[in-house]
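As structure tokens, the structure follows; a few thoughts come after it.
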Amino acid sequence: MRTALSGLTTRGRCLLAAGFAAGVCAAVLNERDLLRVAAFVIALPLLAAWLATRARVGLHAARFLAPSRVPVGAASEVKLDLRSTGRLPTGGLMLEDTVPYALGARPRFLVERLPRNTPTTLRYPLKPVMRGVQQVGPLMARITDPFGLAEFDRELAGRSRLVVVPRVVRLSGLPGGSGMGAGDDGSVRLRAGQGEDDAVVRPYRQGDDLRKVHWRSTARRDELMVRVEERPWRGGTTVLLDHRVHAHRGSGPTASLEWAISFAASICLHLHHFGHQVRLVSEDGRVLAGGSSDGGHSDHVVLDSLAALQGSHRRELTGGTDPGAGQEVIAVLGGLTPASAEELIRYRPRGMRSMAVLLDVNAWAGGTDAPAPEPEDARRLLTGAGWGVAIAKPSASMQQVWQALCASAGNRGPSVRSEVG
């Protein structure tokens with residue numbers, strides 16, 4: 001009874017107090033009719049509270065996400081299945097599902113009547129604007145009686161997991177030679193006979209330069225073949241992602257860190273599409289995906305690891321070793337000081353292919369952000385050490401940045417300057 005009384009609304013408590021007052025007046029004045037009215041007024045809120053309590057016992061709900069894994073900006077639908085197994089029909093049911101701010105506003109539903117043993121389905125959309133592993137729920141129900149005299153809150157469904165992966169942009173083309181990092185890119189060496197140069201060729205892929213088509217091999221194999229200018233190195237490619245908090249600027253979905261994560265994901269999936277062996281590592285050399293323990297990586301492994309990735313509070317760019325571990329490197333870097341650039345060059349073999357995208361993070365900065373180092377000094381140091389470098393700004397598309405990086409890889413040297421946006 002104490003639980004039922006705790007659920008009385010202000011209206012119910014006032015009505016109960018009025019009933020007791022009427023009962024006292026009826027006893028003093030010896031009015032039997034007034035006593036009957038007082039008994040009815042007292043019984044009404046108590047009966048409403050009891051009915052609401054009984055209806056609360058028989059409520060069940062289940063939540064389903066379709067899909068439960070979406071990229072930033074895509075839509076997911078939530079389906080709520082409600083069922084009442086109580087003996088009495090449930091009415092005046094207010095539902096509110098707990099949704100993080102990154103997924104939108106909290107949906108609310110008013111169910112006027114929920115018949116017994118008849119399922120009711122409710123739906124609402126989610127459109128996440130931030131990557132991350134989000135928790136949807138719990139689903140709370142506020143149950144009231146038809147007169148609004150009593151109400152109770154109850155958790156009907158727990159939490160459901162929604163994985164929001166970074167947005168992936170489709171890229172085209174490969175850095176010079178189109179053979180970087182391929183574990184096996186299908187290239188073959190052909191000797192057609194006396195007088196013909198030894199040629200390393202492979203089947204044509206979308207984005208290859210048509211000027212490199214090897215026509216004799218094409219005619220012989222009845223398939224478009226291109227010349228590989230450099231012997232493909234079979235050690236794989238390492239994508240280095242700098243996710244240090246102090247190296248990035250901006251906040252929310254428009255922060256430079258989110259751009260860097262999305263770009264790194266796009267590179268990994270693009271190279272993996274061409275059959276390349278790709279490792280994704282953080283700025284300290286920690287393997288995020290594609291390590292030797294899993295024998296490579298799938299797209300889901302890369303995206304899921306980046307979905308849960310948080311900003312690092314490290315100050316150092318490298319952990320005192322070559323971040324590529326003997327592989328070719330594509331580095332996606334935030335604000336880079338000349339000292340950090342020299343540290344990166346120090347542990348990186350000079351004769352091995354290395355490329356970097358330097359984010360001009362000041363272009364992402366808000367009004368309260370402290371200025372970051374300009375990328376020009378770091379660019380000069382990296383290009384002087386033989387790196388291919390492109391500078392990225394938020395006004396440029398990821399495809400434009402990728403094309404600039406590919407161009408810098410094919411023309412490495414101190415005089416290279418690739419900047420977009």
Side-chain angles (χ1 to χ4, degrees), residues 65 67-78 97-107 124-137 159-171 239-270 280 282-283 288-289 299-313 331-335 357-372 375 390-402 420-421:
L65 301 179
S68 60
R69 182 179 176 279
V70 295
V72 173
S76 177
E77 185 180 64
V78 179
D97 209 3
T98 306
V99 174
Y101 78 96
L103 300 180
R106 291 186 176 184
Y124 67 90
L126 293 176
K127 192 169 183 179
V129 296
M130 279 285 291
R131 64 176 180 84
V133 180
Q134 307 289 353
Q135 299 293 333
V136 181
R159 292 177 171 83
S160 300
R161 185 169 178 261
L162 178 66
V163 179
V164 184
V165 301
R167 182 174 63 96
V168 175
V169 176
R170 186 173 182 177
L171 305 176
V239 177
L240 186 152
L241 173 62
D242 179 10
H243 63 108
R244 296 171 298 156
V245 172
H246 80 277
H248 290 276
R249 297 295 183 270
S251 61
T254 59
S256 63
L257 176 59
E258 297 303 318
W259 192 97
I261 291 175
S262 180
F263 188 57
S266 301
I267 294 175
C268 289
L269 268 61
H270 176 63
L280 176 64
S282 61
E283 73 285 341
L288 302 177
D299 294 350
H300 288 333
V301 172
V302 172
L303 294 177
D304 289 350
S305 65
L306 290 177
L309 186 66
Q310 301 296 323
S312 169
H313 295 282
V332 182
L333 306 172
V357 174
L358 299 177
L359 275 68
D360 187 1
V361 296
N362 288 318
W364 275 273
T368 59
D369 290 327
I391 297 178
K393 295 178 181 291
S395 57
S397 68
M398 293 187 184
Q399 173 60 25
Q400 290 175 322
V401 176
W402 176 249
V420 290

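- Taking both residues in full, the closest heavy atoms of Leu162 and Pro67 are given as CD1-O, 3.8 Å, listed atom of the first, atom of the second, then distance.
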- Task: Show the numbers, then the answer: is there a side chain to side chain contact (heavy atoms under 4.5 Å, CB included) between Leu171 and Ile267?
- Result: CA-CA 8 Å; Leu171 305 176; Ile267 294 175; 4.2 Å; yes
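- His243 and Gln310 make their closest contact through ND1-O, 2.9 Å (heavy atoms, listed as atom of the first residue, atom of the second, distance).
- Counting heavy-atom neighbours within 6.0 Å of Arg244 CZ, excluding the residue itself, gives a total above 12.
- Qualifying side chain to side chain contact (heavy atoms under 4.5 Å, CB included) partners for Ala74, counting only residues two or more places apart in sequence or in other chains: Val70, Pro71.
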- Task: Test Asp299 against Val168 for side chain to side chain contact (heavy atoms under 4.5 Å, CB included), laying out the working first.
- Result: CA-CA 11 Å; Asp299 294 350; Val168 175; over 6 Å; no
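- Between Leu126 and Gln134, the closest side-chain pair of non-hydrogen atoms is not below 4.5 Å.
- Closest approach of Val302 to Cys268, counting heavy atoms only: CG1-CB, 4.0 Å.
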- Please walk me through it: do Val164 and Met130 pass side chain to side chain contact (heavy atoms under 4.5 Å, CB included)? CA-CA 7 Å; Val164 184; Met130 279 285 291; over 6 Å; no
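- Crowding of His246 atom NE2: a count of heavy atoms from other residues, nucleotides or ligands under 6.0 Å exceeding 12.
- Across all non-hydrogen atoms, the minimal contact from Gly252 to Glu258 is O-CG, 3.4 Å.
- Residues that satisfy the salt bridge (Lys or Arg N to Asp or Glu O under 4.0 Å) test with Arg106, not counting sequence neighbours, are Glu96.
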- Check the pair Leu240 / Leu333 against side chain to side chain contact (heavy atoms under 4.5 Å, CB included), numbers first and verdict last. CA-CA 8 Å; Leu240 186 152; Leu333 306 172; 3.8 Å; yes
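- Atom OH in Tyr124 sits 9.0 Å away from atom OG in Ser76 (nearest 0.5 Å).
- Of all the heavy atoms in Pro107 and Val99, the pair that sits closest is CD-CG2, 3.6 Å.
- Looking at Arg131, its side chain does come within 3.5 Å of a backbone N or O of Leu309 through a donor-acceptor pair.
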